[in-house]
Every structure is written in C-alpha cells, then in structure tokens.
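Everything below concerns the one structure shown next.
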Amino acid sequence: MANQQKNKKSTATALAPSNIAIVKYWGKKGVQEPVNPSISFTLSEAQTKTTVQHISTKENLKLEFYFQGDKKPAFIPKLETLTNRLKAYLPFLNKGLLTIESSNTFPHSSGIASSASSMASMAHAFLEIQKNIDPDCLDTDQNKLLSEMARLGSGSSCRSTMKGWVLWGKTALIEQSSNRYGLSINDHVHPIFNELEDSILVIRKGVKAVSSTVGHQLMDQHPYAAGRIEQANSNINKLLKALQTGDFNAFSQVCEEEAMSLHGLMMSSSPSYTLLAPESIRAIEQIKKFKEQNQVQLTFTLDAGPNLHLIYPKSQSKIVVPFIETHLKPLCENQEVIYDRIAVK
Ligand code: DP6
C-alpha cells in the first residue's frame, strides 16, 4: 500500500499527410530499407490525425487501437511490431498502457495510401510523448529520427513526415540521401512543380486483393528485379533533372513509365496478380487520347491499386477539370473523384 505510486498519464496528437510516389519504392532489404530510391510529394487534404495516450505502469506494454472511433484489434500485431522496433529510440514504449486513436480526413478505402499518413502521424505522436516524459534521451536530429521511425512502420511513410518533394533511398546523385529516412528536396524543384494538382479517380473503393507488403516480398525472387532497380535509378536521375529544370514532358514520361512498370512487375511476379480494373485501363486510354489531341500538361500515376492520380500544374485546371468531369468521372465507383494537390511549406 505504502509504495503505491500514481500512474502518470501523457497524451499527444499529431497530423501527417499522405504522399504519392512518382518513382516507386518496390522491393525491400533488411528492416524496411528500399532496394531502390524513390521520390514523392505529399498531399494537402489527405491526412491522418493520431492521438496517443500513455499511462505508465510496471507491466509490459499493452496496446489498444481505435480507427475512426471503432476498436480494431486486427491492427494490434502490426502495431506490436512497430512498438518493438521503436523501443530502442523511445524507452517509454517498454511499459505501460498505450491507447492509439487514428482518423483520416479522406474517405477510408478511397485508394489514397493511408498507411503512409497513419504511420507518420503515429510516429510523430510517439515522439511527442517521449519528449513529455524524458526529452533527454532524444539527442539526435529529430526530423531524421521521425522519418526513420515512420519507415519502421511502413516504408513509404518516411516520405510523409515532411512537406512537398521527398527523396528516400541512397543515390549517388544526392550526397545526404539515405535508405534510413526521407530527405526534403524542395530546394531542387522548379516552381511549376510546387503548384501541382492531384485529382484521384476512385475506380474501386474496396480493399486490395494483394497488399503492398506482399508485393514487395515478391520482388525478392522476381525475374526482372535487377532490371527494375536499374530502371528506378535511371528514373531518379531523369526525374531530378526534370524537377530542377521545370521540364513537364520529361516529368510526365518518368511518371507514366513508373506507374505502368509497377503494375507490369505485379503481372510478372510469381504468382502473378493484377490490381488494375477494366476502368483503370479505359481511363489511361482516355488520358492518352486527350493528351494527343490537346496541348495540355497532364500526366498520371498509379499506386498499388486500381485508382488513378491525375497530376497537372494548377494552370491547366481549366482544361483538365472539365475533361475529368465529362470523360473520367463516369468510370469511377459512385462517380467519386477526390481533388487534392501538393502540400508545400
Ligand atoms: C506502390 O510503403 O505501403 O505505394 O513498407 O510494406 O508498408 P510497406 O509498403 P508501402 O509500399 C508502397 C508502395 C507504393 C510505392 C511508393 O509509395 O513508393
């Protein structure tokens, strides 16, 4: 009785954006390190908000997770893996009761990558709790630390801990690049690429048949693995040049090649699979035809799913938006198109 101690409570809330990769991360090595560098930009509207509450106890860490207000025990194993990996950085994760509540500002299962924003916001909230409890154990660069911790939850999420254009993965072209964390490359980017629109065609809303994590694993034995790594490195070089010089045509070529190659790799994996829907292909055909017939700066990319991201400078909205509304919206499930854009500081 006499040694009964009051349990300390600490809470933190953090927001993080989703991101869309132009050069794709596809294949891993070690603990969540990429086999090739990738480049993405963060989105403005699509974000995840996470509130974390930690109550100190003498027991080993216990976790509870809520998504949009509902308890989700199915996520606990993934979160246990994350908290086990993060204990080395954040000692408070060794013991206590941890309650995590996340919600998205965008529709669930809309095809917008939610693991990136959710892991980045969670890592940020964890970091804030550690700062509340004992900031002295955090003497490293906190931006790098945050990105690295997010990566340990989901690779692409290390590109969601900062705004705008982010490079993740070692490339000889940029000295400070790293496989461990994302690096902001906004200083290397021409102004036209800071005003990009990203309009998302929600072709299918449902959960994907094959997760990205499984897709990454299939790259380990993929017959085209070496060629893919070479292609990605070459596309990083081309993309960095296009971003620097403001060359939209070169940007568009890399963007579309990466999108189609990603899905080509899925189709040529063993076992093979496809995540594209018939409407995804029809939308791609329509976009290509529209680009042939009009002087327009417009390109598209795909994530690991059937939904298309149409990317274009803001100046092109007058011509692109009516095209989307008339020709592409009817291809979407419930006619759903999400109009988002790059988030730059
Ligand atoms: C196609 O980051 O979702 O979106 O590290 O297993 O969580 P895990 O995978 P994830 O993979 C994203 C793959 C991609 C391309 C990209 O965002 O670079």
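Numbers here simply count residues along the sequence, with the first being 1. Counting starts at 1 for both ligands and their atoms, in listed order. This is a predicted model, so every value here is computed, not measured.
- If you chain together hydrophobic residues whose side chains sit under 4.5 Å apart, W26 and V23 never meet in one group.
- Salt bridge E285/K288: absent, no basic N to carboxylate O contact under 4.0 Å.
- Between F75 and F65, the angle of the ring planes lies from 30° to 60°, which puts this pair in the tilted group.
- Set against the non-hydrogen atoms of S115, the atoms of ligand 1 under 4.0 Å away are 3 (O).
- Residues V52 and L127 share a hydrophobic cluster, clusters being chains of Ile/Leu/Val/Met/Phe/Trp/Tyr side chains in contact below 4.5 Å.
- At a heavy-atom distance under 4.0 Å, only side-chain atoms of S212, from C-beta outward, approach ligand 1.
- Remark: among candidates E258, K24, H263, H216, the nearest residue to atom 12 (C) of ligand 1 is H216, based on non-hydrogen atoms.
- With E33, Q32, M119, R159 as candidates, the residue nearest to atom 17 (O) of ligand 1 on a non-hydrogen basis is R159.
- With 3.5 Å as the limit, one finds no donor-acceptor pair spanning the side chains of N7 and T57.
- Geometrically, ligand 1 and Y25 share a nitrogen or oxygen pair separated by less than 3.5 Å.
- For ligand 1, the polar-atom distance check against W26 finds no nitrogen or oxygen pair separated by under 3.5 Å.
- Those atoms of ligand 1 with a heavy atom of K28 less than 4.0 angstrom away are 5 (O), 6 (O), 8 (P).
- Checked by distance only, ligand 1 and A304 stay at 3.5 Å or farther apart across all their nitrogen or oxygen atoms.
- Residue A21 approaches ligand 1 through these ligand atoms, each under 4.0 Å from one of its heavy atoms: 16 (C), 17 (O), 18 (O).
- Between F290 and H327, the ring center distance fails the sub-6.0 Å criterion.
- For S156, heavy-atom contacts with ligand 1 shorter than 4.0 Å involve the backbone as well as the side chain.
- For H216 and Y25, the ring centers are positioned less than 6.0 Å apart.
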